[in-house]
A.B. asks: 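One structure follows; several queries about it will come next.
Just follow the structure's listing: the first ligand is 1, and inside any ligand the first atom is 1.
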Amino acid sequence: MTEYHARRLPADLNGSGWYSILDKPGPARELEGPQTADWIIVGAGFAGLSAARRLARSRPGETIALIDAQRVGWGAAGRNSGFMIDLPHDLASESYGGIHAQNLAEIQLNRAAIAFAREAAEEIGLEKNVFDACGKYHGATDGRGIETLRAFERHLSWLGEPYQKLDAADMKRVTGTDYYAGGSFMPGTVIIQPAAYVRALAASLGSRVTVYENSPVLRFETGREHTVHTPKGRATAPRLILTVNGHIESFGFFRHRLMHVLLYGSMTRRLTADEVRTLGGEPAWALIPADPRGSTVRRLREDRILVRNSATYSPGMAAAERNIERFGQVHDASFRARFPMLPNVEMEHRWSGHLCLSLNSAPAFGEIAERVYSACCCNGLGVTKGTLGGMAIADLASGAGGPVVEAMLRAPRPRRLYPEPFMTMGAHLKIWWMQRRAGPDL
Ligand SMILES: Cc1cc2nc3c(=O)[nH]c(=O)nc-3n(C[C@H](O)[C@H](O)[C@H](O)COP(=O)(O)OP(=O)(O)OC[C@H]3O[C@@H](n4cnc5c(N)ncnc54)[C@H](O)[C@@H]3O)c2cc1C
């Protein structure tokens with residue numbers, strides 16, 4: 001028997017805008033007393049929910065305990081910008097593009113994940129404001145941004161992927177603002193309301209899956225049966241899947257191999273009918289900056305605007321109110337620059353969320369101890385890759401196998417980080433430099 005203790009627990013601050021605009025959920029079902037199941041999944045984000053859905057289908061007679069430290073949608077899965085992206089999205093590159101051959105394989109995998117999510121969305125009957133296959137825009141604010149866009153377009157042409165080139169007038173027609181000098185439209189991305197999507201997925205899992213919330217796993221023991229312990233109870237099962245994102249490291253796995261970054265977002269109050277008229281543009285759109293360091297901006301069907309930019313390297317994974325406040329001011333400036341026609345519109349919600357990366361963009365995926373499995377570290381594209389990891393880990397653990405599992409197993413292991421203090425100093429410096437370079441894209 002081996003024991004693993006959680007050195008840290010997730011503690012996300014502030015409800016994200018996505019979570020806060022939904023109806024308050026009913027009371028949480030916490031894990032209490034001794035429970036048994038055929039499967040335990042820890043972490044109910046994209047990966048955990050997708051693994052539970054996959055297993056519920058492939059092993060219909062078996063029971064699953066899905067356990068999260070927080071409410072479903074309170075963690076990163078309900079804090080992100082909601083881009084379920086099919087294309088390469090290398091945040092470390094100048095333009096999101098990567099190595100051609102790898103990108104071709106990656107697109108296929110991403111599309112398998114999107115097809116899985118789409119099937120769930122159709123079955124649940126999700127509306128367009130929750131799951132919308134409407135594509136994404138990339139927006140450039142100056143000549144350098146346009147060059148970056150054109151480089152990415154060339155990359156897409158090589159990959160045989162469609163896109164549409166847009167000029168400043170096209171961008172104004174879509175967004176209502178003349179801030180963008182040009183853009184590109186890529187049709188394959190699905191745009192989600194992340195908190196609503198994960199909450200709906202959790203509610204759709206069926207009677208063999210029990211979702212326990214507000215139940216942090218403090219430790220677990222492995223053996224013939226694995227047992228996980230929470231403050232009020234414990235659960236036992238022969239197979240354990242960890243879909244805890246960067247917190248896999250908190251249990252002692254992949255140590256010194258994962259980078260923890262916090263990202264920051266703000267969402268406005270609902271625009272009035274007059275403000276909607278003044279803004280113009282389309283009723284909903286989702287835009288990624290030409291420069292990966294700039295601002296992601298979304299207009300929601302609910303007549304709100306989201307601004308997401310800024311990052312901190314946070315090895316302790318802990319969010320800080322002062323940073324949410326500080327970067328909130330950056331969001332305000334980005335909003336004012338783009339939407340001067342909305343001078344009285346304030347941000348209503350501000351939050352941060354955790355992103356887990358590795359130096360070589362590799363996932364923390366596979367069987368990490370006997371019948372203990374990990375699908376963690378999504379490298380900035382967790383809406384798609386979390387879904388993919390969840391599907392694949394369920395297939396690996398159940399013995400179903402298949403090409404997605406094989407592809408995931410072929411991926412390299414996350415590379416070791418540089419020794420401290422160089423790693424932390426270097427990461428801070430790189431983020432600072434990248435944000436400076438974003439210029440007007442911020
Ligand atoms: C502001 C922001 C914007 C982003 N935008 C995008 C985007 O547009 N597109 C995109 O693809 N990605 C985006 N991301 C990244 C994306 O949100 C994550 O990569 C994704 O949520 C990872 O999914 P996951 O299921 O692996 O992990 P998570 O969603 O983090 O889920 C892990 C769960 O594990 C739980 N957990 C952890 N430890 C324990 C424990 N000890 N006991 C019990 N439960 C535990 C947590 O509470 C959490 O709910 C963004 C992230 C942020 C923060």
A.B. asks: Arg304 pairs by side chain to side chain contact (heavy atoms under 4.5 Å, CB included) with which of Leu271, Ile21, Val345?
C.D. replies: Ile21
A.B. asks: Between Arg293 and Asp441, is the closest basic N to carboxylate O distance under 4.0 Å?
C.D. replies: no
A.B. asks: Check the side chains of Thr63 and Asp38 for a donor-acceptor pair under 3.5 angstrom, ignoring hydrogens and angles.
C.D. replies: yes
A.B. asks: Would you mind listing which atoms of ligand 1 come within a distance below 4.0 Å of any non-hydrogen atom of Gly45?
C.D. replies: 25 (O), 29 (O), 31 (O)
A.B. asks: Answer with side chain, backbone, both or neither: which part of Arg79 has a heavy atom less than 4.0 angstrom from an atom of ligand 1?
C.D. replies: backbone
A.B. asks: Taking distance alone, with no angle check, do Val217 and ligand 1 share an N/O pair under 3.5 Å?
C.D. replies: yes
A.B. asks: Apply side chain to side chain contact (heavy atoms under 4.5 Å, CB included) to the pair Phe220 and Leu242, showing each step before the final yes or no.
C.D. replies: CA-CA 11 Å; Phe220 62 86; Leu242 300 169; 3.9 Å; yes
A.B. asks: Pull out every atom of ligand 1 sitting under 4.0 Å from any heavy atom of Ala77, numbered as shown with elements.
C.D. replies: 21 (O), 29 (O)
A.B. asks: Classify the contact between His354 and ligand 1 as side chain, backbone, both or neither, using a heavy-atom distance cut-off of under 4.0 Å.
C.D. replies: backbone
A.B. asks: Can you name the atoms of ligand 1, numbered from 1 with element, that are less than 4.0 Å from a heavy atom of His247?
C.D. replies: 37 (C), 38 (N)
A.B. asks: Are the side chains of Leu87 and Ile107 in contact, using a 4.5 Å heavy-atom criterion?
C.D. replies: yes
A.B. asks: Which residue and non-hydrogen atom of the protein lie closest to atom 37 (C) of ligand 1, and at what distance in Å?
C.D. replies: Pro10 CG, 3.4 Å
A.B. asks: Go through the side-chain N and O atoms of Arg338 and Tyr180 and say whether any donor and acceptor fall under 3.5 Å apart.
C.D. replies: yes
A.B. asks: Taking non-hydrogen atoms only, is Phe251 closer than 4.0 angstrom to ligand 1 via side chain, backbone, both or neither?
C.D. replies: side chain
A.B. asks: For atom 26 (O) of ligand 1, which protein heavy atom lies nearest, and how many Å away is it?
C.D. replies: Cys378 SG, 3.6 Å
A.B. asks: Would the number of heavy atoms belonging to other residues, nucleotides or ligands and lying under 6.0 Å from CD of Glu302 be above 12?
C.D. replies: yes
A.B. asks: Out of Asn80, Thr387, Val383, indicate the one that has the non-hydrogen atom closest to atom 10 (C) of ligand 1.
C.D. replies: Val383
A.B. asks: Should one rank Asp68, Leu9, Asp12, Val244 by closest heavy-atom distance to atom 35 (C) of ligand 1, which comes out on top?
C.D. replies: Asp68
A.B. asks: Going through the distances and angles, do Tyr4 and Phe251 end up as a ring-ring contact (aromatic ring centres under 6.0 Å, His included)?
C.D. replies: CA-CA 6 Å; Tyr4 299 88; Phe251 288 106; 8.0 Å; no
A.B. asks: For ligand 1, find out whether one of its N or O atoms is nearer than 3.5 Å to an N or O atom of Phe46.
C.D. replies: yes
A.B. asks: Considering only heavy atoms of Pro216, which atoms of ligand 1 have at least one such atom less than 4.0 Å away?
C.D. replies: 42 (N)
A.B. asks: At under 4.0 Å between heavy atoms, is it the side chain or the backbone of Ser81 that contacts ligand 1, or both, or neither?
C.D. replies: both
A.B. asks: Report yes or no: does a heavy atom of Gly82 sit under 4.0 Å from some atom of ligand 1?
C.D. replies: yes
A.B. asks: For ligand 1 and Gly43, I'd like to know whether there is a polar contact (N/O to N/O, distance under 3.5 Å).
C.D. replies: no
A.B. asks: Can a salt bridge be assigned to the pair Asp132 and Arg301 using a cut-off of 4.0 Å between side-chain N and carboxylate O?
C.D. replies: yes
A.B. asks: Is the contact between Ala76 and ligand 1 made by the side chain, the backbone, both, or neither, using heavy atoms and a 4.0 Å cut-off?
C.D. replies: both
A.B. asks: Can you check whether Gly382 has an N/O within less than 3.5 Å of an N/O in ligand 1?
C.D. replies: yes
A.B. asks: Report yes or no: does a heavy atom of Val42 sit under 4.0 Å from some atom of ligand 1?
C.D. replies: yes
A.B. asks: Is there any N or O on Gln70 that sits under 3.5 Å from an N or O of ligand 1?
C.D. replies: yes
A.B. asks: Name the closest protein heavy atom to atom 9 (N) of ligand 1, giving the residue it belongs to and the distance to 0.1 Å.
C.D. replies: Phe83 O, 2.9 Å
A.B. asks: So which of Asn245, Thr230, Leu355 gets nearest to atom 27 (O) of ligand 1, if we judge by its closest heavy atom?
C.D. replies: Asn245
A.B. asks: Under a 3.5 Å distance rule, please check whether Thr384 uses its side chain to pair with a backbone N or O of Ile85 as donor and acceptor.
C.D. replies: yes
A.B. asks: Name the closest protein heavy atom to atom 32 (C) of ligand 1, giving the residue it belongs to and the distance to 0.1 Å.
C.D. replies: Thr243 O, 3.5 Å
A.B. asks: Is the shortest distance from a heavy atom of Gly380 to ligand 1 less than 4.0 Å?
C.D. replies: yes
A.B. asks: State plainly whether the residues Arg298 and Glu282 are in salt-bridge range, i.e. N to O under 4.0 Å.
C.D. replies: no
A.B. asks: Side chains of Tyr137 and Thr175: is there a donor and an acceptor less than 3.5 Å apart?
C.D. replies: no
A.B. asks: Side chains of Arg118 and Val190, heavy atoms from C-beta outward: is any pair under 4.5 Å?
C.D. replies: yes
A.B. asks: Looking only at distances, please establish whether an N/O atom of ligand 1 is found under 3.5 Å from an N/O atom of Ala69.
C.D. replies: yes
A.B. asks: Relative to Tyr19, does Arg199 satisfy both conditions: NZ or CZ under 6.0 angstrom from the six-membered ring centre, and within 45 degrees of the ring's axis?
C.D. replies: yes
A.B. asks: Going by distance alone, is a donor N or O of one side chain under 3.5 Å from an acceptor N or O of the other, for His138 and Glu153?
C.D. replies: no
A.B. asks: Can a non-hydrogen atom of Gly265 be found less than 4.0 Å from any atom of ligand 1?
C.D. replies: no
A.B. asks: Does a salt bridge link Arg71 with Glu213, judged by any charged N lying under 4.0 Å from a carboxylate O?
C.D. replies: yes
A.B. asks: Spell out, as yes or no, whether a donor-acceptor pair under 3.5 Å connects the side chain of Thr312 to the backbone of Ser314.
C.D. replies: no
A.B. asks: So for ligand 1, is Ala375 a polar contact partner (N or O within less than 3.5 Å, distance only)?
C.D. replies: no
A.B. asks: N/O to N/O below 3.5 Å, does that happen between Arg308 and ligand 1?
C.D. replies: no
A.B. asks: Considering only non-hydrogen protein atoms, determine which one is nearest to atom 52 (C) of ligand 1 and report residue, atom name and distance to 0.1 Å.
C.D. replies: Leu263 CD1, 3.7 Å
